[in-house]
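Here is the naming used below: chain letters follow the sequence lines, and residue numbers restart at 1 for every chain. Note that the coordinates shown come from a computational prediction; the quantities given were computed from them, not determined experimentally.
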Amino acid sequence: MTRVFVPRDAAALAMGAEAVAKALAEHADVVRTGSRGLFWLEPMIEVETPEGRIAYGPVEAADVPGLLADGLLTGTARRLRLGVPEQIPFLARQTRLTFARCGIVDPLSLGDYRAHGGFEGLEKARAMGPAAIVETVLASGLRGRGGAGFPTGIKWKTVAEAKGDRKYIVCNADEGDSGTYADRMMMEGDPFSLVEGMIIAGLAVGATKGYVYTRSEYPHAIDTFDKALDIARRAGLLGGDFDIEQRSGAGAYVCGEETSLLESLEGKRGQVRAKPPLPAHKGLFGQPTVINNLVTLTSLPCILRDGAEHYQALGMGRSRGTMPIQLAGNLKYAGLFEAGFGVTLGELVNDIGGGTRSGRPIRAVQVGGPLGAYFPPALFDTPFDYEAFAARDGLIGHGGVVVFDDTVDMAHQARFAMEFCAAESCGKCTPCRIGSVRGLETVDKILAERDVDANLELLRDLCHTMKFGSLCALGGFIPYPVLSAMNFFPEDFRQATRLAAA
Amino acid sequence: MADRESWNEDRARGVIAAVAVKEGAALPILHALQHVFGCVPLQAEPLVASALNITRAEVHGIVTFYHEFRRSPPGRHVLRLCRAEACQAVGADAVGAHLRSALAIDWHETSRDGAMTLEPVFCLGLCATGPSALLDGDPIGRLDAARVDRMLESLT
Ligand SMILES: Cc1cc2nc3c(=O)[nH]c(=O)nc-3n(C[C@H](O)[C@H](O)[C@H](O)COP(=O)(O)O)c2cc1C
Ligand code: SF4
Ligand code: FES
C-alpha cells in the first residue's frame, strides 16, 4: 500500500489529524510523524510517490473520500495539493539543521533516525573524546536557547573541570513562554535527537545520569519521549554508563528558571536559589550539573556531525548558527521558522508570517515570552539577534514571536504581565512578590481613571524597583512588557484616547 | 473521563510506595496520586510525609506551590483553557468569558451537574492554532463561541 504520512503532533491533533488518519487507514499505509511546523496547513499529509513526497493540506476527514477518488495516492488529486513540501515558500526559505528531521521521520523509528543522519554526531563525539567535544561546542559559538544566551561550551567546560561524586545532565523542557513550541515539536517529532544530544553532553563532561524536566501541559510530548527512552534503552543506547529519566512539572512557570527547576527535581517547592553556587558546581543534589534548554541539546548532534565551522558560519554578530523561531498569535502563516540569526522582525511577521490572520494591521509584537517587551512596527527593523534585541530593551528568549492586531488594548496587556508575575512569583524576594501585586493594583487604578498621572509615575517606580531588586529574571524582566506598553502605546493608558481609539 | 477512584488510604499507600524509591520522589508521588484520585486530598499529606520522611507542613508547602495539584476531585470532564498571550491575540479572553457564562462557573470551578471543571493554563505549546485547550487531555484548536457550544453539547 502507498505510504501516507500524517502528523501526530499535538497541534495537528488540535486541528483534526486523528480523524484524518482514521479515514485513511483502510486505504493506505499510514505513518504517523511529527509536524513540519506549517500550522495553518495542518492537518498536512504527505503521500509517497516515485517522484518524492507530495503534500496536501489543510485536510479534513470529510475531504478524504473525495481526495482518494481523485487520485490522492498517486499524488495527482488537484484539490488541496501543495506539491513538494520543501518547495512551499515558508519551508524553502528556511535553514533546517536542528529541525531537519522533524515532520519527516517516524519519531519512534531508530531505523528512520539513522537513515536521516542520526547518531553520526555521537559517533564522531565518541571518536574525538571529551576535551575535543567541548572545544567543538565552544568553536561552534552555540549559545543557550532557553533565553539567557549563555555560551554552551563555557558552561560545559566548567562542569567538565568540576569535581563531584557523580555529574548530571538536565534538559530544561519546561517551555513556559507563551508563543513557544519548539521543545514540544521536537519531543513529539524527533525525540532521538534529544537522546543523542544528552549522550553527547554526558560524554563531554563525564555525567552518568540525565533528567528531562518536561512541563505537564505537554502530555503528548511526555508520552512520545517516554516511548523513545524505552526504545533507546532496549537498543542498548541508554542504561549502561549513561541513562535518562523524564520527570514532569506541575504548572509552575518559575520552574523553567534553572535553580527552581533543580529544586523541583529534588522534590521541593520550586523556589529560586541564590547564585553562587552555580549549578555547574553545585547543581542537582549538590553535584556538578549541566542544565541546558532542549533546543540547545538537540542542536549538538548536527554540530558534532557537520563540524563547528559549518554551524558557526551561519548567523550574525555574536549570535551564531540557526534559531528555530516560533511564529504565533494573530498571524496568517504561523509556524516554526528555523533560520540563521539576522532576519528582521518585520520580515518575520510581514513577509514570512503574512501579516495578521484577522486581516487587520499589526499593532504590537511580543518577542521572548511573558518577560519580553512589546515592539511596535517602528522597531520592525530589529534583526533577530541577542544583542540587537537587548539594545532595544527587548529579548529573544526562547524564540517566540507573538503578533497582535490593532484591537489589542496595551494597558490590558500591561495588567496581564503584572497579574502573571503575581501568580507565578516563587515568593522568595519582596520586589517581585509584593511589587507585582502593587503593580496590578496600580494598573487597575489607571484603568479606573484614578490619579492617572501619579499612578503612571508610581508604576514606573515599581518597575524600576523590580528590575533592580529581584533575584531572578521573573521579577527582573516583567517590567519590560509593562514599560514597553507604557512607552510605545501611551494612548492606551488614558481613558480619553482609549475610547477614541476603540 | 478516565475512571477515577474515590479516596482509599490503603490504595494511596500502594500508589505512594510504587514511586517513593525514586530520587526526589515528591512530584512523581503527587502526580501518581492525582492520576488515581483526580486530586491530592488533604488526607494524603501525612502518608506522603511519612514515605518521604519530611514533615506534613513541608508536604503541604509542596502541594500548594504547584498550580496543577487539585485539592478536591474535578467533574467528569476537565477543560484546560489557555489564557496566555498568543491565545489572547486571537480571542482567548472572549472564549473564556463565554465558557464561564455557559457553564455558570468561574475558573477552577465545576458545573453544577458535575459535568465540567474549567481550569486556566498558561500556554499549551499550541500557540499557532489558538485559542487552544485540552479537553480531558485531547488538544483542541481555533476555539470560538460556536465551537465551545458544540463541544459542550456533545459532552456526557
Ligand atoms: C522565570 C524564568 C523562566 C524560565 N523558563 C525557561 C524555560 O521554560 N526553558 C528554558 O530552557 N529556560 C528557561 N529559563 C532560563 C533558565 O534559567 C536557564 O537559563 C536555561 O535553562 C539554561 O539553558 P541554556 O543555556 O541551554 O539556555 C527561565 C528563566 C527564568 C528566569
Ligand atoms: S524574582 Fe520572583 S520568581 Fe525570581 S526569585 Fe524573586 S520572588 Fe522568586
Ligand atoms: S499561548 Fe495558548 S497555547 Fe501557547
Side-chain angles (χ1 to χ4, degrees), chain A residues 10-11 13-15 37 39-40 42 175-181 183-185 215-221 245 247-253 255 264-271 285 326-331 334-336 357-358 366 369-370 400 402-405 408 413 416 420 423-424 426, chain B residues 19-20 22-31 34-35 40 48 52 54 58-70 80 82-94 119-143:
Chain A
L13 296 181
M15 300 309 289
F39 290 113
W40 73 98
E42 291 289 3
E175 195 162 70
D177 292 354
S178 164
T180 66
Y181 45 78
D183 299 358
R184 181 187 64 69
M185 274 181 71
R215 63 201 306 257
S216 55
E217 293 84 347
Y218 286 1
H220 299 79
E245 187 179 333
R247 289 288 174 88
S248 112
Y253 176 75
C255 286
S264 182
L265 267 181
E266 291 181 8
K268 303 178 192 148
R269 295 158 62 90
Q271 266 196 331
F285 301 111
Q326 299 130 79
L327 302 176
N330 198 337
L331 269 186
L336 184 99
R357 195 203 290 173
S358 61
Q366 186 179 34
V402 176
V403 173
F404 293 81
D405 73 11
V408 68
Q413 297 309 119
F416 176 77
F420 184 74
E424 301 298 327
C426 85
Chain B
V19 260
K22 292 181 184 239
E23 280 186 315
L27 260 66
I29 289 177
L30 299 178
H31 277 302
Q34 180 145 311
H35 182 74
V40 181
V48 178
L52 294 176
I54 56 179
E58 280 175 281
V59 175
H60 187 76
I62 297 166
V63 181
T64 51
F65 182 87
Y66 296 97
H67 302 300
E68 176 136 335
F69 299 123
R70 295 181 200 105
R80 308 183 73 192
C82 175
R83 295 188 62 201
E85 291 92 330
C87 286
Q88 290 168 11
V90 286
D93 288 352
E119 296 182 340
V121 282
F122 293 93
C123 194
L124 296 163
L126 309 171
C127 331
T129 49
S132 303
L134 289 180
L135 176 61
D136 300 332
D138 290 333
I140 320 178
R142 303 260 155 97
L143 273 170

Using non-hydrogen atoms and a 4.5 Å limit, figure out which bit of [X] sits close to chain B: side chain, backbone, both or neither.
{"X": "A:E175", "value": "neither"}
{"X": "A:L13", "value": "both"}
{"X": "A:D177", "value": "backbone"}
{"X": "A:A221", "value": "neither"}

At their closest point, which heavy atom of [X] faces which heavy atom of [Y], and how far apart are they?
{"X": "A:G267", "Y": "B:A26", "value": "O-CB, 3.2 Å"}
{"X": "A:R269", "Y": "B:Y66", "value": "C-OH, 3.7 Å"}
{"X": "A:G179", "Y": "B:C127", "value": "N-SG, 3.4 Å"}
{"X": "B:G125", "Y": "A:Y218", "value": "CA-OH, 3.6 Å"}
{"X": "A:N330", "Y": "B:V90", "value": "CA-CG1, 3.7 Å"}
{"X": "B:E68", "Y": "A:S216", "value": "OE1-OG, 2.6 Å"}

State, yes or no, whether a side-chain contact exists between [X] and [Y] at a heavy-atom distance under 4.5 Å.
{"X": "B:E58", "Y": "A:K268", "value": "no"}
{"X": "B:C123", "Y": "A:Y181", "value": "no"}
{"X": "B:L134", "Y": "A:E217", "value": "no"}
{"X": "A:H220", "Y": "B:P139", "value": "yes"}
{"X": "B:K22", "Y": "A:E245", "value": "yes"}
{"X": "A:S264", "Y": "B:F65", "value": "no"}
{"X": "B:H31", "Y": "A:S248", "value": "yes"}
{"X": "A:R357", "Y": "B:R142", "value": "yes"}

Closest-packed option against chain B by number of heavy-atom pairs under 4.5 Å, given [options]:
{"options": "A:G335, A:S358, A:G249", "answer": "A:G249"}
{"options": "A:G369, A:A423, A:C426, A:G251", "answer": "A:G251"}
{"options": "A:A250, A:G329, A:A252", "answer": "A:A250"}
{"options": "A:G270, A:A334, A:A328", "answer": "A:G270"}

Name the member of B:P28, B:G24, B:P131 that forms the most heavy-atom pairs with chain A at distances under 4.5 Å.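 Option with the top pair count is B:G24.
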Pair count under 4.5 Å, heavy atoms only, with chain A: among B:C87, B:G61, B:A25, B:A84, highest is B:G61
What distance do [X] atom [atom1] and [Y] atom [atom2] have between them, rounded to the nearest 0.5 Å?
{"X": "B:E85", "Y": "A:Q413", "atom1": "CD", "atom2": "CD", "result": "7.0 Å"}
{"X": "B:T129", "Y": "A:W40", "atom1": "OG1", "atom2": "CH2", "result": "12.5 Å"}
{"X": "B:L27", "Y": "A:C255", "atom1": "CG", "atom2": "SG", "result": "7.5 Å"}
{"X": "B:L124", "Y": "A:R184", "atom1": "CG", "atom2": "CZ", "result": "9.5 Å"}

Does B:F122 have its ring centroid less than 6.0 Å away from the ring centroid of A:Y253?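 Distance test on ring centres: not under 6.0 Å, no.
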